[in-house]
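Start at 1 and go down the list; that is how both ligands and their atoms are numbered. The chain is numbered in sequence order, starting from 1. The structure presented is a predicted model; accordingly, all values stated were derived computationally and were not measured.
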Amino acid sequence: MEEHLYCQGCGVQIQSEQPKEIGYIPESALSQETVLCQRCFRLKHYNETQDVSMSDDDFLRMVSDIRNTKGLVVHMIDIFDVHGSLLTNLSRIVGEKPIILVGNKLDLLPKSTNLRKLSQWLRSMARGIGVKVKDVCLVSSKKGHGIQELATTIDQYRNSQDVYVVGTTNVGKSTFINRLIDESTGEKNVITTSYFPGTTLGFIEIPLDDDTHLIDTPGIVNQRQMIHYLSKKDLKIITPTKEIKPRGYQLNQQQTLFIGGLARMDFIKGDRETFVCYFANDLPIHRTKTDHADDLYDRQVGELLTPPNKTTMKKLPPLTEHTFRIEEGQMDVVFPGLGWMTLVGGDVTITVYSPKDVAVSIRKSFIKKG
Ligand code: GDP
């Protein structure tokens with residue numbers, strides 16, 4: 001059988017015939033000790049991305065190869081964007097395998113987060129898509145929180161079988177696997193990480209023992225992620241990199257908050273209310289009278305109300321609105337991919353706006369009362 005080489009960055013099969021297709025390496029670079037396809041090489045050394053051809057269908061086909069295999073599934077999601085990262089067709093993709101749900105990016109949440117409530121919420125979200133998970137783990141792949149515990153949990157459930165790490169793009173799968181490798185071998189940055197979705201293209205197998213592997217699967221593209229509508233610069237603004245500092249607003253009815261120009265909340269009716277906003281610290285929040293809000297948006301989207309900017313606003317689907325009556329206090333209004341607002345009191349009516357397909361939802365707050 002012919003020996004194939006695989007990229008140690010994204011796991012895709014190496015080829016040196018077609019420079020525009022995935023897995024390309026110039027023949028002269030094949031003898032390097034660390035084999036990285038040109039795409040990963042550029043990303044790693046020059047921090048730039050390269051377009052390669054691979055359709056969403058190819059993505060799905062690759063991932064669904066694991067449907068009929070045995071093993072444990074680790075489904076990694078982004079705690080900060082659960083709606084955008086929970087794979088609603090997970091069961092169809094992975095078949096009957098046991099599943100551990102891993103909420104990544106714990107470092108972004110305020111210290112006052114009630115982890116037990118957060119886990120419960122994640123478990124109930126999984127139940128909502130028909131998945132009964134064996135366990136829920138909360139980790140920060142970047143900082144290393146919870147990684148050892150997760151490694152132990154994986155070992156406990158995997159029954160000496162392979163482990164498939166599955167998730168949408170950008171949840172931090174590569175960072176997680178890098179960290180696992182790093183903790184066991186001390187080698188830094190073996191797998192490519194970046195802001196851009198779709199960085200991990202192929203399967204990467206990391207030996208767990210003589211017979212079994214931890215397998216990094218390609219990130220699945222989910223159109224419900226805000227990320228698909230934005231530029232690299234916009235993404236840097238909306239993606240929190242540090243613990244989120246809550247920003248509180250006391251509003252009267254008929255006042256509006258804009259989250260950049262990407263989302264909007266009109267306080268329609270209710271007594272004076274505190275809205276505690278949890279968004280990336282650099283994402284501007286703008287308060288105005290609801291009467292003026294339409295006009296302000298028309299004049300200022302891409303300027304004062306940014307991101308998007310003047311260019312990316314053309315890609316952004318129109319904001320669609322949804323009205324909620326929230327009867328209890330301590331509820332969160334969640335804007336997937338952006339963050340959320342906690343309503344401290346209750347019994348209010350609000351109208352929220354978000355890009356089509358990035359639908360707003362309500363949940364019980366998992367932040368401890370201050
Ligand atoms: P993948 O597409 O799922 O492989 O995701 P990556 O590992 O490339 O990570 C996507 C982005 O999320 C990168 O900008 C990472 O730095 C960031 N990221 C990954 N893990 C964490 C984490 O635990 N905390 C934070 N704050 N960011 C993370």
What is the distance from atom CZ of Arg363 to atom NE2 of His83, rounded to the nearest 0.5 Å?
-> 8.0 Å

Report, in ascending order of atom number, the atoms of ligand 1 lying under 4.0 Å from any heavy atom of Leu108.
-> 26 (N)

Counting from 1, what ligand 1 atoms have a heavy atom of Ser140 closer than 4.0 Å?
-> 23 (O)

Looking just at side-chain N and O atoms, do Arg158 and Thr212 make a donor-acceptor pair shorter than 3.5 Å?
-> yes

Can you say whether the rings of Phe335 and Phe279 are parallel (under 30°), tilted (30 to 60°) or perpendicular (over 60°)?
-> tilted

At a non-hydrogen distance cut-off of under 4.0 Å, which region of Val171 contacts ligand 1 (side chain, backbone, both, or neither)?
-> both

May I ask you to check whether Val139 has an N/O atom sitting below 3.5 Å from an N/O atom of ligand 1?
-> no

Examine distances only and state if a side-chain atom of Asp81 and a backbone atom of Gly337 form a donor-acceptor pair shorter than 3.5 Å.
-> yes

Please work out which of Thr175, Thr241, Asp78 has its closest non-hydrogen atom nearest to atom 15 (C) of ligand 1.
-> Thr175

For side-chain hydrogen bond (donor to acceptor under 3.5 Å, both in side chains), just list the numbers for Asp266 and Thr351, CA-CA rounded to whole Å, side-chain angles, deciding distance to a tenth of an Å, and then say yes or no.
-> CA-CA 5 Å; Asp266 295 350; Thr351 299; 5.4 Å; no

Quick one: which ligand 1 atoms are inside 4.0 Å of a heavy atom on Asn170?
-> 1 (P), 2 (O), 3 (O), 5 (O), 10 (C)

Could you tell me whether Lys143 and ligand 1 have an N or O pair separated by under 3.5 Å?
-> no

Using distance alone, determine whether Thr169 and ligand 1 share an N or O pair under 3.5 Å.
-> no

Any chance you could measure Ser85, atom OG, to Lys105, atom NZ, to the nearest 0.5 Å?
-> 8.5 Å

